[in-house]
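One structure below.
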There are 2 protein chains.
Amino acid sequence: MTAPRTHGPRERMVFAAAQLIRRDGVGATGMREVAARAEAPRGSLQHYFPGGKEQLVNEAVTWAGHYAGKRIARYLATLPEPTPGALFAAMTRQWIDEFEATGFGTGCPVAAATVDSTASTPSAREATSTAFAAWTTPLTAALTTLKVPAARAPALATLMISTVEGAILMARAHQSTAPLATVTAELAPLLDAAATG
Amino acid sequence: MTAPRTHGPRERMVFAAAQLIRRDGVGATGMREVAARAEAPRGSLQHYFPGGKEQLVNEAVTWAGHYAGKRIARYLATLPEPTPGALFAAMTRQWIDEFEATGFGTGCPVAAATVDSTASTPSAREATSTAFAAWTTPLTAALTTLKVPAARAPALATLMISTVEGAILMARAHQSTAPLATVTAELAPLLDAAATG
DNA sequence: TCAGTATTATGACGGCTGTCATAGATTGCA
DNA sequence: TGCAATCTATGACAGCCGTCATAATACTGA
């Protein structure tokens with residue numbers, strides 16, 4: 001999976017950074033490697049990202065958060081039975097499919113950034129916070145669309161994201177999609193019960 | 001929090017490694033730093049861990065898993081009202097207290113190892129799998145003690161660990177214990193409903 | 001065509017990493 | 001005491017890292 005050449009080099013580098021981060025973590029992801037992966041000239045790194053690795057990583061994480069957020073609406077549109085549980089199943093399904101297709105080598109870049117650079121760089125922590133927010137907000141909106149009371153929706157969104165993130169970790173550790181399937185089945189009744197009507 | 005000097009240098013180094021990993025991630029944790037933190041001679045590293053950093057990290061992760069597993073029994077013993085929901089609350093409470101006491105600089109070392117070295121080293125991945133298992137098994141046993149049917153207990157244990165891991169990530173990202181409190185409140189009814197009787 | 005900006009190329013620098021080689025010190029046992 | 005095993009000390013090594021300095025090239029608009 002190479003970065004699409006249709007986009008500019010800057011975008012490709014952000015994309016490649018996100019890809020490498022979610023596979024190897026922030027620390028093990030090198031700038032030279034990002035450039036190579038993006039098929040972008042190494043000299044462009046300091047031109048497009050004068051803030052250095054910190055800037056590049058932060059942009060990659062932020063981008064990943066928005067990407068996850070945008071997918072929510074797409075899930076919502078394609079649900080045969082639009083219920084909160086089905087929406088959650090669509091989220092986990094995406095990961096199950098990816099794990100089955102490409103193995104357990106890659107996880108969530110936001111999780112990787114949270115673990116790797118929360119303690120060190122303040123701006124990196126802010127980026128992870130922004131990314132989670134960009135994911136939570138559309139999910140909350142989707143839940144209200146599915147008749148979850150507005151007062152309850154944010155809490156359920158947090159629960160859903162927390163659970164899927166943890167299940168991704170367990171899935172990678174055990175090299176099995178079972179944790180994702182398990183949490184999906186267990187959480188569905190609770191989620192659906194929250195939808196009034 | 002320095003490693004207790006009562007233990008031998010080997011144990012202190014494993015402990016210090018776990019501490020540093022959960023703060024900075026695997027990649028950013030250096031061997032020299034581990035030795036310094038453990039107040040152990042640098043020369044002892046190659047003596048006690050001939051397998052190098054990989055061995056040290058794996059032992060630290062494995063140790064962390066068993067540590068988490070052993071805490072389950074302690075939680076269970078001190079619950080005023082022994083229900084699955086209360087057990088989960090005890091688990092999250094531990095993290096809330098720690099975050100409030102020492103800030104959001106440190107997370108779960110098993111999560112860090114999963115994110116940082118699942119793709120690279122096979123033995124590291126096995127260590128994370130072992131660690132999660134050492135955590136899940138006692139939790140499953142505890143749930144059966146709390147009258148959760150044996151057929152259901154493993155799934156709920158997976159759900160609980162997934163959720164707390166994800167909530168830890170969100171808490172660190174947002175620098176707030178709110179996600180932990182939220183998932184605790186939301187999950188309690190589901191967990192308690194699983195207890196027959 | 002020319003100026004000016006945007007982009008790319010390349011090499012070097014210091015710093016840190018994990019690992020190894022080698023020698024020294026310490027400990028426990030006979 | 002003396003030998004042996006365990007442990008510690010220290011320096012060096014190659015490799016990679018992010019960053020910077022500097023120059024060459026490409027492109028854009030007048």
Side-chain angles (χ1 to χ4, degrees), chain A residues 3 5-21 23-61 109 112-113 115-117 119-124 127, chain B residues 3 5-21 23-61 109 112-113 115-117 119-124 127:
Chain A
R5 291 233 48 154
T6 51
H7 300 87
R10 216 200 108 105
E11 281 183 276
R12 290 205 310 274
M13 286 191 278
V14 172
F15 184 81
Q19 260 189 319
L20 290 171
I21 288 169
R23 191 187 65 186
D24 302 323
V26 174
T29 295
M31 302 282 276
R32 292 166 175 83
E33 198 183 357
V34 169
R37 177 91 158 194
E39 299 180 49
R42 184 165 79 88
S44 297
L45 277 171
Q46 76 179 288
H47 182 255
Y48 289 112
F49 307 96
K53 182 176 185 177
E54 185 178 337
Q55 181 187 356
L56 174 58
V57 169
N58 292 355
E59 289 200 25
V61 170
V115 150
D116 272 351
S117 47
S120 47
T121 327
S123 79
Chain B
R5 291 232 49 155
T6 51
H7 301 86
R10 217 200 108 106
E11 282 182 275
R12 291 206 308 274
M13 286 191 277
V14 172
F15 183 81
Q19 259 189 320
L20 290 171
I21 287 169
R23 192 188 62 186
D24 302 323
V26 174
T29 295
M31 302 281 276
R32 291 166 175 84
E33 198 184 356
V34 169
R37 175 91 157 195
E39 297 180 51
R42 183 165 80 88
S44 297
L45 277 171
Q46 78 179 284
H47 182 255
Y48 289 113
F49 308 95
K53 182 175 185 176
E54 185 178 336
Q55 182 186 356
L56 175 59
V57 169
N58 291 356
E59 289 201 25
V61 170
V115 150
D116 272 350
S117 48
S120 47
T121 327
S123 80

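Sequence lines set the chain letters: A, B, ... in the order given, protein chains first and strands last, and positions in each chain run from 1.
- B/Glu59 meets the salt bridge (charged side-chain N to carboxylate O under 4.0 Å, His left out) test with B/Arg10; sequence neighbours excluded.
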A correct 5'-to-3' footprint of nucleotides 9-20 of chain D, with B, S and - meaning base, sugar-phosphate only and no protein heavy atom under 4.0 Å, is BBBB-----BBB
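- Taking the side-chain hydrogen bond (donor to acceptor under 3.5 Å, both in side chains) definition, one finds that B/Asn58 meets it with B/Ser123, sequence neighbours left out.
- Pairing each heavy atom of B/Val34 with each of B/Met13, the nearest pair is CG1-O, 3.4 Å.
- Proximity of a side-chain donor or acceptor of A/Ser117 to a complementary backbone N or O of A/Ala113 within less than 3.5 Å is detected.
- Although no hydrogens or angles enter the test, the distance criterion places no donor-acceptor pair under 3.5 Å between the side chain of A/Arg37 and the main chain of A/Leu20.
- Taking 4.0 Å as the cutoff to heavy atoms of chain B, we find the contact window on DNA chain C bounded by C/dG18 to C/dA21.
- Remark: B/Glu54 pairs with no residue by the salt bridge (charged side-chain N to carboxylate O under 4.0 Å, His left out) rule, at least two apart or across chains.
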Pair up each side-chain donor or acceptor in residues 42-52 of chain A with any protein partner under 3.5 Å, not counting sequence neighbours, and list the distances.
none

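- When every heavy atom of B/Val26 is checked against every heavy atom of B/Lys53, the shortest pair comes out as O-NZ, 3.2 Å.
- One end of the helix from C/dT1-D/dA30 to C/dA30-D/dT1 points its axis 10° away from the other end's axis, with each axis taken from 5 pairs and the angle rounded to 10°.
- Scanning for side chain to side chain contact (heavy atoms under 4.5 Å, CB included) contacts around A/Ala119 gives B/Arg23, B/Asp24, B/Arg172, with sequence neighbours left out.
- For A/Ala60, the side chain to side chain contact (heavy atoms under 4.5 Å, CB included) partners two or more places apart in sequence, or in a different chain, are A/Val14, A/Ala17, A/Ala18, A/Ile21.
- Atom OH of B/Tyr48 is separated from atom P of D/dT6 by 11 Å (rounded to the nearest Å).
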